[in-house]
Amino acid sequence: MRHRSVADLMTPTAVAVQPGTSFKEIARLLDEYGITAVPVVDDEHRPVGVVSEADLLRRHTAKDGPSTAEAMMSSPVVTARPSWTAVEAARLMERHRVKRLPVVDADGRLIGVLSRSDLLQLFLRRDRSIQEEIREDVVVRILRLSPSAVHIDVDEGRVTLSGTLDRPGIGPILVRLCETVDGVVEVEDRLTYEEGETAPGRGQGSEPDPGPGSEPGPRPEGRAV
């Protein structure tokens, strides 16, 4: 399976400001490009902060101090790498309580911006696309099952698995793999197993637990070894 990366989801940035950019110019850029924040970069195009609509409103309300990007920006800036998975980026946003991440290359230069709305694109995948990935990548390529072994129904990102498997231990693995597919909201397990198969964790031919208080039976006589 190939998870979509930050590079796949980010907006390649064409909008950034310098530390000396004025309040009015930043407000104009936010309005013109329909964005809610803009990265602040130094002379080498490395991000040093972010100015958001909230920062502008805070400065306007305070009415004191310089109204430049450097004075208003949130810093230090939290950045992401283009090779990261969407999950890694989402966790970083949650940890730092930010709504967007400037994306930088190996030299630390700004190449894009990833927002929460970009991450939501994962859950707008077509159900058919999710279904095909589960069947081809999870069922066939990874688990090496017949494509007809599992019935996969996807509705608004909710996956329902049904069918009869000959290996009970494979069911929980299948469910966990499906949960990692981009766009999957939840997985419902309706899988059954062929008659005579034991539940996961109970091997065939194992002796039952005699329970507490049971005494062991007499040992057969034989020659000591």
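Predicted model, so just to flag it, every value in this text is computed and none were measured. Note that these values count all heavy atoms, side chains included, but never hydrogens, waters or copies made by symmetry.
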Next item on the list: Side-chain contact test, heavy atoms from C-beta onward, threshold under 4.5 Å: evaluate it for V48 versus E70 and give yes or no.
Entry: no
Next item on the list: Report yes if the side chains of R167 and L145 come closer than 4.5 Å at any heavy-atom pair, otherwise no.
Entry: yes
Next item on the list: Indicate if I142 and V154 have the same hydrophobic cluster label, given that clusters are the connected sets of ILVMFWY residues with side-chain heavy-atom separations under 4.5 angstrom.
Entry: yes
Next item on the list: Without swapping roles, check the side chain of S5 against the backbone of A86 for a donor-acceptor pair under 3.5 Å.
Entry: no
Margin query: I'd like to know if the side chain of S129 and the backbone of R126 have a donor-acceptor N/O pair within less than 3.5 Å.
Written below: no
Check: Is the shortest distance from a Lys or Arg side-chain nitrogen in R190 or E188 to a carboxylate oxygen in the other one below 4.0 Å?
Finding: yes
Next item on the list: For residues P172 and Y193, report the shortest heavy-atom separation together with the two atoms involved.
Entry: CD-OH, 4.2 Å
Next item on the list: Take T192 and L165 through the test side-chain contact (heavy atoms from CB on, under 4.5 Å) and record every step on the way to the result.
Entry: CA-CA 6 Å; T192 59; L165 300 177; over 6 Å; no
Note to self: With heavy-atom distances below 4.5 Å as the criterion, would you say the side chains of V15 and I35 are in contact?
What the structure shows: yes
Next item on the list: Treating Ile, Leu, Val, Met, Phe, Trp and Tyr as nodes and any side-chain heavy-atom pair under 4.5 angstrom as an edge, say whether M73 and V41 lie in one connected cluster.
Entry: no
Notebook entry, point to check: Do L30 and L56 come close enough that some side-chain heavy atom pair is under 4.5 Å?
Noted result: yes
Item checked: Minimum side-chain heavy-atom gap V175-E179 below 4.5 Å -> yes
Item checked: Shortest non-hydrogen separation from L92 to T79 and the atoms involved -> CD2-O, 3.4 Å
Note to self: With heavy-atom distances below 4.5 Å as the criterion, would you say the side chains of M72 and T68 are in contact?
What the structure shows: no
Item checked: CD on E136 to CD on Q131, rounded to 0.5 Å -> 10.0 Å
Next item on the list: Compare all side-chain heavy atoms of L161 with those of H151 and state whether any distance is below 4.5 angstrom.
Entry: no
Notebook entry, point to check: At their closest point, which heavy atom of P147 faces which heavy atom of V139, and how far apart are they?
Noted result: CA-CG1, 4.5 Å
Check: Is the side chain of D31 donor-acceptor paired with the backbone N or O of R28 at a distance under 3.5 Å, no angle test?
Finding: no
Notebook entry, point to check: What distance separates D55 CG from S67 OG, expressed to the nearest 0.5 Å?
Noted result: 12.0 Å
Check: Rounded to the nearest 0.5 Å, what separation is found between the CD1 atom of I152 and the CD atom of E133?
Finding: 11.0 Å
Margin query: Could you report the tightest heavy-atom contact between V6 and A89, atom names first, then the distance?
Written below: CG2-CB, 3.9 Å
Margin query: Looking at E88 and R91, is there a salt bridge between them, counting it only when a charged N and a carboxylate O are closer than 4.0 Å?
Written below: no
Note to self: Looking at every non-hydrogen atom in both residues, tell me the closest pair between G49 and S75 and how far apart they are.
What the structure shows: CA-CB, 4.4 Å
Notebook entry, point to check: In terms of hydrophobic clustering (I, L, V, M, F, W, Y; side-chain heavy atoms under 4.5 Å; direct or indirect links), are V17 and V78 co-clustered?
Noted result: no
Next item on the list: State the CZ-CZ distance between R125 and R4, to the nearest 0.5 angstrom.
Entry: 6.0 Å
Notebook entry, point to check: V40 and V98: same hydrophobic cluster, using ILVMFWY side-chain contacts below 4.5 Å?
Noted result: no
Notebook entry, point to check: Counting only N and O atoms by type, is there a donor-acceptor contact under 3.5 Å from the side chain of D153 to the main-chain atoms of T160?
Noted result: no
Item checked: Distance in Å, L191 CG paired with I170 CD1, rounded so as to fall on 0.5 Å steps -> 10.5 Å
Next item on the list: I would like to know whether T36 and R100 meet side-chain hydrogen bond (donor to acceptor under 3.5 Å, both in side chains); could you show each step before the answer?
Entry: CA-CA 10 Å; T36 60; R100 61 197 62 80; 2.9 Å; yes
Report all side-chain donor-acceptor pairs from residues 101-115 shorter than 3.5 Å, counting only partners two or more places apart or in another chain.
unit_1: D105; atom_1: OD1; unit_2: D107; atom_2: N; d: 2.9
unit_1: D105; atom_1: OD1; unit_2: G108; atom_2: N; d: 3.0
unit_1: D105; atom_1: OD1; unit_2: R109; atom_2: N; d: 2.9
unit_1: R109; atom_1: NE; unit_2: E44; atom_2: O; d: 3.2
unit_1: S115; atom_1: OG; unit_2: S117; atom_2: N; d: 3.4
unit_1: S115; atom_1: OG; unit_2: S117; atom_2: OG; d: 2.8
unit_1: S115; atom_1: OG; unit_2: D118; atom_2: N; d: 3.3
unit_1: S115; atom_1: OG; unit_2: D118; atom_2: OD2; d: 3.1

Notebook entry, point to check: Among all residues two or more places apart in sequence or in another chain, which pass the side chain to side chain donor-acceptor pair (under 3.5 Å) test with R158?
Noted result: E186
Check: Is there a side-chain contact between M93 and K99 (heavy atoms, below 4.5 Å)?
Finding: no
Check: Would F123 and V181 show up in the same hydrophobic cluster when neighbours are defined by side-chain heavy atoms closer than 4.5 Å?
Finding: no
Check: Is there a donor-acceptor pair under 3.5 Å between the side chain of T61 and the backbone N or O of L57?
Finding: yes
Next item on the list: Report the distance from atom CG of D189 to atom CG of L174, rounding to the nearest 0.5 Å.
Entry: 7.5 Å
Check: Is it true that atom CD of E94 has more than 12 heavy atoms of other residues, nucleotides or ligands lying nearer than 6.0 Å?
Finding: no
Checklist line | Any donor-acceptor pair under 3.5 Å from D137 side chain to I134 backbone | finding: no
Notebook entry, point to check: Within the side chain of R59, is there an N or O that forms a donor-acceptor pair under 3.5 Å with the backbone of A71?
Noted result: yes
